[in-house]
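First comes the structure, then the notes that go with it.
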Amino acid sequence: MMKKSIFFILLIIVQIQVSFAQLADLERIEPMNWWVGFKDQSLQLLVRGNNIADKTVSLNYPGVKLVNVQKVENSNYLFVNLLISSTTKSGTFPINFVKKGEKTLSYQYELKSRVKQKRGVTNQDFIYLIMPDRFANGDVSNDQIAGMRDKKFNRDSMYFRHGGDIQGIINQLPYLQDLGVTALWLNPVLENDENRTSYHGYANTENYKVDRRLGTNELYKKLVDECHKRGMKMIKDLVHNHIGDQHFLYQDQPAKDWFHQWPKYTGTTYKDQTLFDPYAAKADKKIMTDGWFDRHMPDVDQKNSLVKKYITQSHIWWIEYAGLDGFRLDTYAYNDRDYMAEWAKDIAKEYPDFTYFGETWVNGTANQVFFTEGNTANQKFDTGLQAVTDFQTYFAINEALNGKFGWTDGVNRLYSVLASDYQYKDPTRNVVFLDNHDISRFYSVVNEDFNKFKSGIILLLSLRGIPQMYYGTEILMKNYANPDGKVREDFPGGWPNDKINKFIPAGRNEKENEAFNFVKTLANYRKQNSVLQNGKMMQFVPENGIYVYFRYNEEKTVLVVMNSNEKEEVLKTERFEERIGNCKSAKNIITNEKIAIETLKLPAKTTYIFELQ
């Protein structure tokens, strides 16, 4: 073990030395441009170059003040703090780096004019989650890029790159629009120039550049623009907590306090309870938040003011540059909560309507509520986090579909989780889902039972919150997260040489087309009817394995009836008079069939969704 450790240290030293040797006199300035008109008039530029700290910085542009220049331990970095007044005009000016007896280095810095637009993802939307490397390959020329570390390209392996890209997503926008999708969430698209498993995007090595194997910054912006033309929105996946170990900031660290340093590798315990446990040891809390998420993912020290500014500015840059509508915040629970609350305020200051939701993969509603805004559960702290990926509802839906009815089991689990919504400031902002890139695919979770599949789709698209579907769920893609990660398989038909194309009806079998049309029908109904977007909800205590709830507003009332039993049931509906009133008939939203509703025959393991007439 000692020899391995020494080898690992020497390898890092060699990598850093190579980085130094290849470093240009002025390698980069980030952000590479900015905009005028922000409420926060401060701008911090990260400047990197060979011994750049030896140089003096100067600039001259009306409305731009050079406040100070901060040096750090590493002479390859400078942090230039500017103040941009509210009267500053857009334009370009040189930033000069001068040292007597040496050639002056100059960077043409551009301040652009902001473009105002309405932003935000709401419960009116239907989110579709795409892993770009696995959805569609629209440009085979970027499948492998010379000079990038991970050269493993093999569609037969779940851990190598497959070649999906941004152009492929652009090509399939008509398919997504037809399905009823109104917002896209892509797994991270920033460059991941890691040595292995670089396809998933969660160990970025750049903060301002799209991965070259996916496309370019310009192409990503084009994708957002194309979405907006179709009335669709774009959600960017962010990772505050860590970066990839090949990131220039780790390979050539500005200072020791940019990352959580440990005498030996220390991973997080993944124990969110330590953050709110009144009896928790400080040591346990520290390991939870400061421990690394994985060996190749250095944990960023978010108490460092330079680090905080660098991260937050990069996010504001992407909103403004690409015209984004929302953020999904990866591994939210592992971040420094003071910084994340500060981050939320900084985003809201510039974009009051901008929305974001955090990944909180925890167990228990109280655990999940702890991370949300409002100090509603005696947190003694307001995170400012608007919403979460609602794992508690996910667990409850699975139990409702697969469990046996009992006092706290089966559909009663779902009833109880929703009854706990009083703990949130606004539960209708939570993102509801059946599967994603980290968990087993829904169709496999319900053991490929088609009735259960349709029940799950009805729950997804009719419960409170913002529904999110994982790519391929609509065509019954299946498989499990463990042991082989096949939940990240390619969408059939996304590659030029695919023999089957499931993006079109002719390429799907009868059951896949039925599934697609089922999702499409309900998703487009939801898109056109506000009652399933922001209508109120009323649920009734489940009885005899039957669960009933309503969504309603001043215009319409929707009734959802779920029979979780293994046999047909007959349901008399007078118990639900509080919502049904004098109504005698209803329309089946999926089939358009009109039925009388005084008594309902419910086949085994079946869910219906009706619009009262």
Side-chain angles (χ1 to χ4, degrees), residues 30-46 82 84 86 88 90 109-122 125 127 132 166 169 182-191 201 204 206-211 214-229 231-240 307-330 332 335 339-359 373 384-387 429 431 466:
E30 294 180 340
M32 61 281 283
N33 71 273
W34 202 243
W35 291 264
V36 296
F38 282 119
K39 292 181 180 179
D40 183 355
Q41 297 179 5
S42 66
L43 174 63
Q44 175 187 285
L45 302 180
L46 177 151
L82 306 178
I84 303 172
S86 58
T88 306
S90 59
Y109 202 83
E110 184 178 8
L111 293 174
K112 300 183 178 184
S113 298
R114 296 179 65 188
V115 177
K116 301 292 185 181
Q117 71 177 57
K118 184 177 175 63
R119 305 173 195 271
V121 177
T122 71
D125 289 304
I127 301 170
I166 292 169
I169 298 170
T182 68
L184 298 186
W185 155 23
L186 311 186
N187 294 126
V189 297
L190 292 178
E191 185 154 289
N204 65 290
E206 291 283 348
N207 283 64
Y208 287 91
K209 187 167 70 173
V210 164
D211 196 297
L214 298 179
T216 62
N217 286 11
E218 293 76 18
L219 190 63
Y220 180 69
K221 187 178 187 306
K222 179 183 177 182
L223 169 60
V224 179
D225 291 341
E226 291 297 321
C227 284
H228 288 168
K229 289 177 186 178
M232 298 165 68
K233 302 173 182 178
M234 178 60 69
I235 299 166
K236 193 171 193 298
D237 205 336
L238 302 182
V239 187
H240 292 74
V307 171
K308 292 190 292 185
K309 191 75 170 178
Y310 178 78
I311 297 172
T312 301
Q313 281 186 167
S314 72
H315 300 159
I316 291 173
W317 189 91
W318 279 107
I319 297 173
E320 200 67 33
Y321 170 78
L324 300 173
D325 301 286
F327 286 144
R328 181 262 187 182
L329 314 180
D330 181 64
Y332 183 86
N335 290 290
Y339 166 59
M340 294 308 293
E342 179 184 324
W343 176 90
K345 290 178 181 178
D346 288 341
I347 298 298
K349 181 191 300 182
E350 308 299 346
Y351 307 98
D353 298 323
F354 198 81
T355 54
Y356 41 87
F357 56 96
E359 179 200 24
E373 65 180 346
L385 181 63
Q386 300 166 347
R429 303 182 84 168
V431 174
I466 307 172

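- For the 3.5 Å distance criterion, the side chains of D325 and H228 qualify, holding a donor opposite an acceptor.
- Of all heavy-atom pairs spanning P31 and W317, the tightest one is CB-CD1, 3.8 Å.
- For E226, the salt bridge (charged side-chain N to carboxylate O under 4.0 Å, His left out) criterion is met by K229, not counting sequence neighbours.
- Side-chain atoms of N217 come within 3.5 Å of backbone atoms of V210 as a donor-acceptor pair (strictly under, hydrogens ignored).
- Counting only heavy atoms from C-beta outward, the side chains of E206 and E30 approach each other to under 4.5 Å.
- Looking at M234 and L186, their side chains come closer than 4.5 Å, going by heavy atoms from C-beta outward.
- A search for salt bridge (charged side-chain N to carboxylate O under 4.0 Å, His left out) contacts involving D225 returns K221, not counting sequence neighbours.
- Distance OG1/T312 to CE/M340: 8.5 Å, rounded to 0.5 Å.
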Practice prompt. Apply the test ring-ring contact (aromatic ring centres under 6.0 Å, His included) to residues W185 and F327: give CA-CA distance (whole Å), side-chain angles for both, the deciding distance (0.1 Å), then the verdict.
Written response: CA-CA 8 Å; W185 155 23; F327 286 144; over 10 Å; no

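- Considering only residues two or more places apart in sequence or on other chains, E110 meets the side chain to side chain donor-acceptor pair (under 3.5 Å) condition with none of them.
- Looking at R119, its side chain does come within 3.5 Å of a backbone N or O of I319 through a donor-acceptor pair.
- Residues L190 and K209 are not in side-chain contact: their nearest non-hydrogen atoms beyond the backbone lie 4.5 Å or more apart.
- Rounding to the nearest 0.5 Å places CG of L238 at 9.0 Å from CG of D330.
- Closest approach of N207 to S314, counting heavy atoms only: ND2-OG, 4.0 Å.
- Annotation: side chain to side chain donor-acceptor pair (under 3.5 Å) contacts of T122 (sequence neighbours excluded): none.
- No salt bridge links D353 with K118; every basic N to acidic carboxylate O contact stays at or beyond 4.0 Å.
- Under the side chain to side chain contact (heavy atoms under 4.5 Å, CB included) criterion, P188 pairs with Y202, D237, V239, not counting sequence neighbours.
- Shown here are the ring pair (Phe, Tyr, Trp, His ring centres under 6.0 Å) partners of Y310, two or more places apart in sequence or in another chain: there are none.
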Discussion item. Would I235 and F357 count as a side chain to side chain contact (heavy atoms under 4.5 Å, CB included) here? Give the steps.
Written reply: CA-CA 10 Å; I235 299 166; F357 56 96; 4.1 Å; yes

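- Remark: L214 CG to L219 CG distance equals 9.5 Å, nearest 0.5 Å.
- For G323 against V224, the heavy-atom pair with the smallest separation is O-CG1, 3.6 Å.
- To the nearest 0.5 Å, atom CD of residue Q386 and atom OH of residue Y356 are 4.0 Å apart.
- Residues passing the salt bridge (charged side-chain N to carboxylate O under 4.0 Å, His left out) test with K236: none are found, sequence neighbours excluded.
- For the pair H240 and L329, the minimum side-chain heavy-atom distance is below 4.5 Å.
- The two residues D125 and G120 have their closest heavy-atom pair at OD2-O, 4.3 Å.
- In this structure W318 satisfies the ring pair (Phe, Tyr, Trp, His ring centres under 6.0 Å) test together with Y220, Y321, sequence neighbours excluded.
- Not a single ring pair (Phe, Tyr, Trp, His ring centres under 6.0 Å) links Y351 to another residue, sequence neighbours left out.
- With sequence neighbours left out, the salt bridge (charged side-chain N to carboxylate O under 4.0 Å, His left out) criterion links D346 to no other residue.
- Applying the side chain to side chain donor-acceptor pair (under 3.5 Å) criterion to K309, with sequence neighbours excluded, gives D40, S42.
- Counting all heavy atoms, side chain and backbone alike, C227 lies closest to L184 at SG-CD1, 3.8 Å.
- T355 places no side-chain N or O within donor-acceptor distance of the main-chain N or O of G326, the cut-off being under 3.5 Å.
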Discussion item. Please determine whether side chain to side chain contact (heavy atoms under 4.5 Å, CB included) holds for the pair V36 and R114, giving the CA-CA distance in whole Å, both sets of side-chain angles, and the decisive distance to 0.1 Å.
Written reply: CA-CA 7 Å; V36 296; R114 296 179 65 188; 5.8 Å; no

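- Using a 4.0 Å cut-off between charged nitrogen and carboxylate oxygen, E350 and K39 do not count as a salt-bridge pair.
- Checked against ring pair (Phe, Tyr, Trp, His ring centres under 6.0 Å), Y332 has no partners two or more places apart in sequence or in another chain.
- For the pair E373/R429, a side-chain contact is recorded, criterion being any heavy-atom separation below 4.5 Å from C-beta on.
- Taking each heavy atom of L324 and Q117 in turn, the nearest pair found is O-NE2, 4.3 Å.
- Between Y109 and L43 the shortest side-chain heavy-atom distance falls below 4.5 Å.
- Put simply, the side chain of P132 reaches to within 4.5 Å of the side chain of V189, judged on heavy atoms.
- Taking CZ of R328 as the reference point, atom CD of E359 lies at 4.0 Å (rounded to 0.5 Å).
- In this structure, the separation between CG on D211 and OG1 on T216 is 11.5 Å, given to the nearest 0.5 Å.
- Using the six-membered ring where Trp is involved, W34 and F38 have ring planes that are tilted, between 30° and 60° apart.
- Proximity of I316 to I347: side-chain heavy atoms (C-beta onward) are separated by under 4.5 Å at one or more points.
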